[in-house]
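Notes follow once the structure below has been shown.
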Amino acid sequence: MTPAPSKMTRTSYAVILRFTGESAEAEEVVQEAFLRAWRGIDRFERRSQFFTWLYRIGLNEAKRRAGRRPPAEPLSVEEGALEQTADFTHAPEPRAEQHDLREVLERAVRALPEGYRAPLILRDVEGLSTDHAAEIMGLKQAAFKSRLHRARLAVRDAVDAYLTGEDA
Amino acid sequence: MRRLRDMRPGFMLDHMFTRRHLAEYLDGELDARGRDRLRDHAHRCPSCHRLVATLVQMLDGLRGLGQAAADGVADLGLRHRASA
């Protein structure tokens with residue numbers, strides 16, 4: 001009998017799947033991450049939780065694989081993106097069904113540049129604390145928050161364009 | 001577009017405050033006074049109202065993605081157990 005996936009496996013898989021966008025690849029990445037963690041357990045220095053360490057290995061593996069693929073058209077996370085959104089004069093008319101909004105969000109998250117996608121996935125999709133998510137990414141809190149904010153604004157622009165029908 | 005003469009005193013200061021502290025607001029890290037100031041401004045400023053409203057809607061949606069994925073993966077686990 002094959003053992004059922006543990007909570008740790010399920011959570012890792014959910015995060016990596018969001019990152020890769022393909023279930024088969026996400027399974028491979030999680031397996032690879034567990035294998036690397038097992039092989040490198042002697043190098044685990046207990047400065048972080050085991051789960052944090054495992055997440056980091058998984059994300060690095062996902063990024064390594066993503067680097068092999070041709071880049072998709074990325075969302076802009078340039079500084080000043082916030083100012084570009086400042087001229088609207090009406091609140092958006094919600095035209096999105098929940099399902100449609102979900103698809104828009106999925107697409108927008110996948111289109112984020114890699115260094116911005118992970119903070120958003122860890123913090124806003126998976127609901128990890130800022131401390132924990134920053135630790136996984138090996139970033140200081142301020143740097144993590146800055147990336148997260150830019151990622152949120154970029155995804156927000158995509159949602160806004162959808163809500164107003166500008167992406168049609 | 002709102003004209004300068006229509007703006008209440010402090011409008012632009014509140015506007016800049018809102019933009020500067022938006023991330024803290026979204027993460028619940030702004031103190032009560034700051035929250036009130038930001039919300040009050042967002043009620044009077046259409047662009048900030050829209051920005052805050054869509055960000056809050058987006059964050060709700062992102063949390064929903066995480067929950068849906070967790071449910072889906074949990075289902076996989078159940079199916080896995082059932083088929084074992």
Side-chain angles (χ1 to χ4, degrees), chain A residues 1-7 9-15 17-18 23 26-27 82-83 85-92 94 96 98-99 101-106 108-109 120-130 145-146 148-153 155-164, chain B residues 1-3 6-7 11-12 14-30 38-39 41-84:
Chain A
M1 186 174 111
T2 318
S6 68
K7 182 173 185 294
T9 317
R10 287 200 301 266
T11 314
S12 305
Y13 175 77
V15 172
L17 176 60
R18 189 73 56 201
S23 57
E27 280 179 28
L82 180 56
E83 298 313 316
T85 65
D87 287 335
F88 296 109
T89 51
H90 302 290
Q98 206 59 32
H99 179 70
L101 178 62
R102 187 176 292 179
E103 280 188 11
V104 171
L105 285 170
E106 295 265 18
V109 171
L120 192 95
I121 291 172
L122 294 172
R123 181 74 179 85
D124 291 341
V125 179
E126 296 304 323
L128 301 186
S129 69
T130 301
K145 284 182 174 182
S146 168
L148 176 65
H149 193 52
R150 284 201 209 175
R152 282 174 172 172
L153 292 175
V155 172
R156 180 263 173 195
D157 282 350
V159 171
D160 194 70
Y162 176 75
L163 290 172
T164 52
Chain B
M1 191 73 179
R2 183 178 279 260
R3 291 180 188 168
D6 297 333
M7 291 177 187
F11 182 91
M12 282 314 294
D14 288 341
H15 190 79
M16 286 188 287
F17 176 88
T18 297
R19 300 297 168 130
R20 195 174 299 133
H21 295 282
L22 190 54
E24 291 157 81
Y25 175 76
L26 294 172
D27 288 327
E29 294 171 357
L30 205 54
L38 190 148
R39 284 177 183 155
H41 174 73
H43 278 299
R44 288 184 285 113
C45 173
S47 79
C48 286
H49 183 269
R50 177 176 180 154
L51 180 63
V52 175
T54 45
L55 277 167
V56 168
Q57 188 175 3
M58 177 197 84
L59 289 178
D60 278 349
L62 289 174
R63 274 190 287 271
L65 289 186
Q67 190 52 53
D71 292 346
V73 178
D75 285 348
L76 278 179
L78 285 174
R79 283 208 296 276
H80 191 87
R81 269 197 292 276
S83 64

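Numbered from 1 within each chain, the chains take letters A, B, ... in sequence-line order. Keep in mind that the numbers below use all heavy atoms, side chains included, and drop hydrogens, waters and symmetry copies.
Residue A:Glu126 holds its CD atom at 12.5 Å from CZ of B:Arg63, rounded to the nearest 0.5 Å. Distance CE/B:Met58 to CG/A:Asp124: 6.0 Å, rounded to 0.5 Å. From B:Leu51, atom CG reaches atom CG of A:Leu153 across 6.5 Å, with rounding to the nearest 0.5 Å. To the nearest 0.5 Å, atom CG of residue B:Leu55 and atom NE2 of residue A:His149 are 7.5 Å apart. Here the CG-CZ distance, from B:Leu62 to A:Arg102, works out to 11.5 Å after rounding to the nearest 0.5 Å.
The main-chain N or O of B:Leu26 is never found under 3.5 Å from a side-chain atom of A:Arg152 such that the two would form a donor-acceptor pair.
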Next on the checklist: The test is side-chain contact (heavy atoms from CB on, under 4.5 Å); show your working for B:Thr54 and A:Asp157 and say whether it passes.
Outcome noted: CA-CA 9 Å; B:Thr54 45; A:Asp157 282 350; over 6 Å; no
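Using a 4.5 Å cut-off between heavy atoms, A:Val155 touches chain B through backbone and side chain atoms alike. Only the side chain of A:Leu120 comes within less than 4.5 Å of a heavy atom in chain B; its backbone stays farther off. For A:Val109, the part sitting under 4.5 Å from any heavy atom of chain B is the side chain, from C-beta outward, and nothing else.
Listed by chain and residue number, nothing satisfies the salt bridge (charged side-chain N to carboxylate O under 4.0 Å, His left out) test with B:Glu24 (two or more places apart in sequence, or in another chain). A:Ser129 meets the side chain to side chain donor-acceptor pair (under 3.5 Å) test with no other residue; sequence neighbours excluded.
Heavy atoms only, all atoms of each residue included: A:Thr130 and B:Glu29 are closest at OG1-OE2, 4.4 Å.
Salt-bridge formation is not detected for the pair A:Lys145/B:Asp27: no Lys NZ or Arg NE/NH1/NH2 atom is positioned less than 4.0 Å from an Asp or Glu carboxylate oxygen.
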